[in-house]
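Since the structure is predicted, the reported quantities are computational estimates derived from the model, not experimental observations. All residue numbers refer to positions in the sequence shown, counting from 1.
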Amino acid sequence: MASSSSSGLTFKLHPLVIVNISDHYTRVKSQMNPTLAPHNSVPSNGADGVVSSVPPRVYGCVIGVQKGRTVEVFNSFELLYDPSTHSLDRPFLEKKQELYKKVFPHFYILGWYSTGSDAEESDMNIHRALMDINESPVYVLLNPSINHSQKDLPVSIFESELHVIDGIPQLIFVRSAILLRL
(Lines give C-alpha, C1' and ligand atoms only; values in the text may rest on other atoms or scores of the structure.)
Protein backbone atom coordinates (compact mmCIF):
# COMPACT_ATOMS: atom_id res chain seq x y z
CA MET A 1 0.00 0.00 0.00
CA ALA A 2 1.35 3.43 -0.97
CA SER A 3 1.76 6.05 1.72
CA SER A 4 -0.49 8.79 0.34
CA SER A 5 -2.79 9.58 -2.54
CA SER A 6 -1.74 11.68 -5.51
CA SER A 7 -5.28 12.38 -6.80
CA GLY A 8 -5.53 15.90 -5.40
CA LEU A 9 -9.02 15.27 -4.03
CA THR A 10 -10.12 16.86 -0.76
CA PHE A 11 -12.21 14.65 1.53
CA LYS A 12 -14.63 16.14 4.04
CA LEU A 13 -16.08 13.68 6.53
CA HIS A 14 -19.12 14.56 8.62
CA PRO A 15 -19.19 13.27 12.23
CA LEU A 16 -22.48 11.43 11.60
CA VAL A 17 -20.57 8.92 9.46
CA ILE A 18 -18.16 8.17 12.32
CA VAL A 19 -21.08 7.80 14.76
CA ASN A 20 -22.94 5.48 12.34
CA ILE A 21 -19.91 3.23 11.82
CA SER A 22 -19.18 3.14 15.55
CA ASP A 23 -22.82 2.32 16.32
CA HIS A 24 -22.86 -0.45 13.70
CA TYR A 25 -19.66 -1.96 15.14
CA THR A 26 -20.91 -1.72 18.74
CA ARG A 27 -24.22 -3.41 17.92
CA VAL A 28 -22.55 -6.28 16.06
CA LYS A 29 -19.92 -6.73 18.77
CA SER A 30 -22.52 -6.75 21.55
CA GLN A 31 -24.56 -9.36 19.68
CA MET A 32 -21.46 -11.55 19.30
CA ASN A 33 -20.36 -11.13 22.93
CA PRO A 34 -23.41 -10.48 25.10
CA THR A 35 -22.59 -9.02 28.46
CA LEU A 36 -22.81 -11.31 31.42
CA ALA A 37 -25.90 -11.02 33.53
CA PRO A 38 -25.10 -10.23 37.19
CA HIS A 39 -26.33 -13.66 38.34
CA ASN A 40 -24.50 -15.66 35.62
CA SER A 41 -20.89 -16.71 35.89
CA VAL A 42 -20.64 -18.41 32.48
CA PRO A 43 -21.14 -16.70 29.11
CA SER A 44 -24.31 -17.85 27.38
CA ASN A 45 -23.54 -17.11 23.75
CA GLY A 46 -22.79 -20.58 22.46
CA ALA A 47 -22.81 -24.27 23.20
CA ASP A 48 -19.25 -24.21 24.46
CA GLY A 49 -19.60 -20.89 26.33
CA VAL A 50 -16.53 -19.39 24.61
CA VAL A 51 -16.61 -15.66 23.95
CA SER A 52 -14.87 -14.63 20.74
CA SER A 53 -11.87 -12.34 21.20
CA VAL A 54 -11.60 -11.53 17.47
CA PRO A 55 -13.21 -8.14 16.88
CA PRO A 56 -15.94 -8.21 14.22
CA ARG A 57 -15.60 -6.33 10.97
CA VAL A 58 -18.66 -4.44 9.79
CA TYR A 59 -19.32 -3.08 6.31
CA GLY A 60 -21.44 -0.34 4.81
CA CYS A 61 -21.75 2.33 2.13
CA VAL A 62 -20.87 6.01 2.47
CA ILE A 63 -22.97 8.57 0.66
CA GLY A 64 -22.57 12.23 -0.15
CA VAL A 65 -21.61 14.56 -2.97
CA GLN A 66 -18.60 15.37 -5.10
CA LYS A 67 -18.21 18.93 -6.35
CA GLY A 68 -15.13 19.35 -8.46
CA ARG A 69 -12.13 18.09 -6.49
CA THR A 70 -14.00 18.05 -3.15
CA VAL A 71 -15.69 14.87 -1.92
CA GLU A 72 -18.04 15.40 1.01
CA VAL A 73 -19.24 12.31 2.92
CA PHE A 74 -22.49 13.09 4.75
CA ASN A 75 -24.00 9.77 5.79
CA SER A 76 -23.71 6.00 5.63
CA PHE A 77 -25.74 2.81 5.75
CA GLU A 78 -24.99 -0.81 6.54
CA LEU A 79 -24.24 -3.47 3.96
CA LEU A 80 -24.90 -7.19 4.16
CA TYR A 81 -21.60 -8.92 3.40
CA ASP A 82 -20.78 -12.61 3.45
CA PRO A 83 -17.08 -12.98 4.37
CA SER A 84 -17.02 -16.67 3.43
CA THR A 85 -17.93 -15.92 -0.21
CA HIS A 86 -16.58 -12.34 -0.27
CA SER A 87 -19.88 -11.14 -1.71
CA LEU A 88 -22.31 -8.31 -1.10
CA ASP A 89 -26.08 -8.74 -0.96
CA ARG A 90 -26.76 -6.74 -4.16
CA PRO A 91 -30.58 -6.66 -3.88
CA PHE A 92 -30.23 -5.23 -0.34
CA LEU A 93 -27.71 -2.61 -1.55
CA GLU A 94 -29.90 -1.58 -4.48
CA LYS A 95 -32.99 -1.27 -2.24
CA LYS A 96 -31.10 0.91 0.29
CA GLN A 97 -29.73 3.04 -2.56
CA GLU A 98 -33.26 3.51 -3.93
CA LEU A 99 -34.63 4.51 -0.50
CA TYR A 100 -31.82 7.01 0.13
CA LYS A 101 -32.37 8.54 -3.33
CA LYS A 102 -35.97 9.31 -2.36
CA VAL A 103 -34.93 11.20 0.76
CA PHE A 104 -31.58 12.61 -0.43
CA PRO A 105 -31.87 12.97 -4.23
CA HIS A 106 -28.51 14.74 -4.55
CA PHE A 107 -26.50 12.16 -2.60
CA TYR A 108 -24.61 9.38 -4.34
CA ILE A 109 -22.82 6.29 -3.15
CA LEU A 110 -19.24 7.51 -2.86
CA GLY A 111 -17.77 4.29 -1.54
CA TRP A 112 -17.86 2.05 1.47
CA TYR A 113 -16.66 1.59 5.05
CA SER A 114 -15.41 -1.12 7.33
CA THR A 115 -13.77 -1.49 10.71
CA GLY A 116 -10.30 -2.79 11.41
CA SER A 117 -6.77 -1.69 12.10
CA ASP A 118 -5.68 -1.40 8.45
CA ALA A 119 -6.85 -2.07 4.90
CA GLU A 120 -6.58 -5.76 4.04
CA GLU A 121 -6.08 -7.49 0.71
CA SER A 122 -9.55 -9.03 0.94
CA ASP A 123 -11.03 -5.50 1.13
CA MET A 124 -10.25 -5.06 -2.56
CA ASN A 125 -13.04 -7.60 -3.33
CA ILE A 126 -15.66 -5.27 -1.85
CA HIS A 127 -14.01 -2.29 -3.47
CA ARG A 128 -14.20 -3.91 -6.92
CA ALA A 129 -17.82 -4.97 -6.32
CA LEU A 130 -18.79 -1.31 -5.85
CA MET A 131 -16.92 -0.06 -8.94
CA ASP A 132 -20.02 -0.55 -11.11
CA ILE A 133 -21.83 2.00 -8.90
CA ASN A 134 -18.91 4.42 -8.53
CA GLU A 135 -15.90 3.95 -10.80
CA SER A 136 -13.54 5.19 -8.09
CA PRO A 137 -15.07 4.43 -4.68
CA VAL A 138 -13.52 5.70 -1.48
CA TYR A 139 -12.89 3.41 1.47
CA VAL A 140 -13.46 4.76 4.99
CA LEU A 141 -11.79 2.66 7.69
CA LEU A 142 -12.57 3.07 11.40
CA ASN A 143 -10.20 1.43 13.86
CA PRO A 144 -12.33 0.50 16.90
CA SER A 145 -9.33 -0.42 19.07
CA ILE A 146 -8.68 1.95 21.94
CA ASN A 147 -5.25 3.56 21.91
CA HIS A 148 -4.91 6.10 24.73
CA SER A 149 -1.71 7.57 23.28
CA GLN A 150 -3.35 8.34 19.92
CA LYS A 151 -4.46 11.95 19.58
CA ASP A 152 -6.08 11.78 16.13
CA LEU A 153 -9.40 10.18 15.29
CA PRO A 154 -8.94 6.51 14.36
CA VAL A 155 -10.40 7.08 10.89
CA SER A 156 -8.67 6.75 7.53
CA ILE A 157 -9.85 7.30 3.97
CA PHE A 158 -8.35 5.28 1.16
CA GLU A 159 -8.57 5.69 -2.58
CA SER A 160 -7.55 3.07 -5.09
CA GLU A 161 -4.82 3.66 -7.63
CA LEU A 162 -3.65 1.48 -10.46
CA HIS A 163 0.04 0.64 -10.04
CA VAL A 164 2.23 -1.66 -12.10
CA ILE A 165 3.85 -4.14 -9.74
CA ASP A 166 6.27 -6.68 -11.22
CA GLY A 167 4.92 -5.85 -14.68
CA ILE A 168 1.31 -6.54 -13.63
CA PRO A 169 -1.26 -3.72 -13.26
CA GLN A 170 -2.87 -3.90 -9.81
CA LEU A 171 -5.28 -1.77 -7.82
CA ILE A 172 -3.88 -0.79 -4.44
CA PHE A 173 -5.24 1.31 -1.56
CA VAL A 174 -3.58 4.65 -0.87
CA ARG A 175 -4.27 6.78 2.19
CA SER A 176 -5.81 10.23 1.71
CA ALA A 177 -6.05 13.24 4.00
CA ILE A 178 -9.37 13.93 5.77
CA LEU A 179 -10.99 17.15 6.90
CA LEU A 180 -13.54 16.64 9.66
CA ARG A 181 -16.62 18.64 8.78
CA LEU A 182 -18.64 20.10 11.66
Side-chain angles (χ1 to χ4, degrees), residues 4-5 7-32 55-83 86-120 122-146 150-161 171 173-182:
S4 64
S5 170
S7 71
L9 293 175
T10 300
F11 291 95
K12 296 181 179 179
L13 184 66
H14 286 251
L16 176 61
V17 177
I18 298 169
V19 171
N20 286 347
I21 298 169
S22 179
D23 173 67
H24 185 187
Y25 173 81
T26 302
R27 282 185 288 108
V28 169
K29 185 176 178 183
S30 69
Q31 290 169 1
M32 288 177 63
R57 291 195 79 199
V58 297
Y59 303 90
C61 276
V62 293
I63 60 173
V65 295
Q66 179 172 353
K67 293 180 185 170
R69 305 299 295 160
T70 301
V71 177
E72 199 158 0
V73 182
F74 287 102
N75 206 341
S76 63
F77 60 85
E78 298 171 19
L79 282 176
L80 299 178
Y81 175 73
D82 183 352
H86 301 292
S87 63
L88 296 173
D89 183 336
R90 288 304 281 219
F92 178 81
L93 169 60
E94 290 163 4
K95 184 65 175 172
K96 291 291 271 188
Q97 184 179 17
E98 177 186 322
L99 292 172
Y100 265 88
K101 272 294 190 197
K102 288 180 180 177
V103 179
F104 303 107
H106 301 295
F107 285 9
Y108 295 93
I109 291 179
L110 299 172
W112 62 289
Y113 73 78
S114 77
T115 55
S117 58
D118 203 3
E120 298 178 8
S122 62
D123 292 340
M124 194 55 76
N125 295 325
I126 300 169
H127 201 74
R128 283 191 181 100
L130 290 174
M131 290 178 98
D132 63 330
I133 295 172
N134 184 320
E135 67 183 32
S136 186
V138 299
Y139 173 25
V140 179
L141 179 68
L142 174 74
N143 185 350
S145 300
I146 297 172
Q150 184 176 0
K151 301 294 182 212
D152 296 330
L153 285 173
V155 178
S156 302
I157 288 187
F158 295 93
E159 297 176 78
S160 58
E161 290 183 353
L171 276 178
F173 288 120
V174 291
R175 195 176 301 268
S176 297
I178 306 172
L179 298 173
L180 188 61
R181 183 82 170 162
L182 301 178

Listed by chain and number, what are the side chain to side chain donor-acceptor pair (under 3.5 Å) partners of Asn125, not counting sequence neighbours? none

Verify side-chain contact (heavy atoms from CB on, under 4.5 Å) between Asp118 and Phe158, making sure each step is shown before the conclusion. CA-CA 10 Å; Asp118 203 3; Phe158 295 93; 3.9 Å; yes

Please check if atom CD in Glu98 has more than 12 non-hydrogen atoms from other residues, nucleotides or ligands closer than 6.0 Å. yes

Strictly under 6.0 Å, is that where the ring centroids of Phe74 and Phe107 end up? yes

What residues, two or more places apart in sequence or in another chain, satisfy ring-ring contact (aromatic ring centres under 6.0 Å, His included) together with Tyr81? Tyr59

Can you check whether Leu9 reaches Gln66 side chain to side chain, under 4.5 Å on heavy atoms? yes

Can Asp89 and Lys95 be said to form a salt bridge (charged side-chain N to carboxylate O under 4.0 Å, His left out), step by step? CA-CA 10 Å; Asp89 183 336; Lys95 184 65 175 172; over 6 Å; no

In this structure, OG1 of Thr10 is separated from CD1 of Ile178 (nearest 0.5 Å) by 12.0 Å

Distance col, row Leu130:CG vs Asn134:CG, nearest 0.5 angstrom, shows 8.5 Å

Side-chain contact test, heavy atoms from C-beta onward, threshold under 4.5 Å: evaluate it for Val73 versus Ile63 and give yes or no. no

The criterion is side chain to side chain donor-acceptor pair (under 3.5 Å); which residues satisfy it with Ser114, sequence neighbours excluded? Arg57, Tyr139

Compare every heavy atom of Leu180 with every heavy atom of Leu13, then report the nearest pair and how far apart it is. O-CD1, 3.2 Å

All heavy atoms of Ala119 vs all of Leu141, minimum pair found to be N-CD2, 3.6 Å

Counting C-beta onward and ignoring hydrogens, is there a side-chain heavy-atom pair between Leu79 and Lys96 closer than 4.5 Å? no

Does Ser30 reach the main-chain N or O of Thr26 with its side chain, forming a donor-acceptor pair under 3.5 Å? yes

Any idea how Trp112 and Phe173 line up, ring-wise: parallel (<30°), tilted (30 to 60°), or perpendicular (>60°)? tilted

Given 3.5 Å as the limit, does a donor-acceptor pair link the side chain of Glu159 with the main chain of Glu161, or not? no

Would you indicate whether the side-chain heavy atoms of Val174 and Ser160 approach each other to under 4.5 Å? no

Taking all heavy atoms of Lys102 and all of Pro105, pick out the closest pair and write down the distance. O-CD, 4.4 Å

Is the closest side-chain heavy-atom distance between Leu171 and Arg128 below 4.5 Å? yes

Quick one, Val140 with Ile18, criterion side-chain contact (heavy atoms from CB on, under 4.5 Å). Give me CA distance, side-chain angles, the key distance, then yes/no. CA-CA 9 Å; Val140 179; Ile18 298 169; over 6 Å; no

Between His14 and Glu72, is a side-chain contact (heavy atoms from CB on, under 4.5 Å) present by the stated rule, with each step listed? CA-CA 8 Å; His14 286 251; Glu72 199 158 0; 2.9 Å; yes

Using side-chain heavy atoms (C-beta onward) and a distance below 4.5 Å, is Leu179 in contact with Phe11? no

List the residues meeting side-chain contact (heavy atoms from CB on, under 4.5 Å) with Asp82, not counting sequence neighbours, and say none if there are none. Ser84, Thr85, Ser87

Closest non-hydrogen atom pair between Pro56 and Val28, with its separation: CB-CG1, 3.8 Å

Any idea which heavy atoms bring Pro137 and Gly111 closest together, and the distance? CB-CA, 3.7 Å

Can you tell me if Asp123 uses its side chain to pair, donor with acceptor, with the backbone of Glu120 under 3.5 Å? yes

State, yes or no, whether a side-chain contact exists between Val62 and Val17 at a heavy-atom distance under 4.5 Å. yes

Heavy-atom nearest pair, Ser156 first then Arg175, reads OG-NH1, 2.5 Å

Charged tip of Lys101 within 45° of Tyr108 ring normal and under 6.0 Å: yes

Could you measure the distance from the CG atom of Asn75 to the CG atom of Leu16? Nearest 0.5 Å is fine. 4.5 Å

All ring-ring contact (aromatic ring centres under 6.0 Å, His included) counterparts of Tyr113, not counting sequence neighbours: His24

How long is the gap from SG on Cys61 to CG on Leu110, to the nearest 0.5 Å? 9.5 Å

Note, Val65 side chain near Thr70 side chain (heavy atom, < 4.5 Å): no

Contacts of Glu78 that satisfy side chain to side chain donor-acceptor pair (under 3.5 Å) - sequence neighbours left out: Arg27

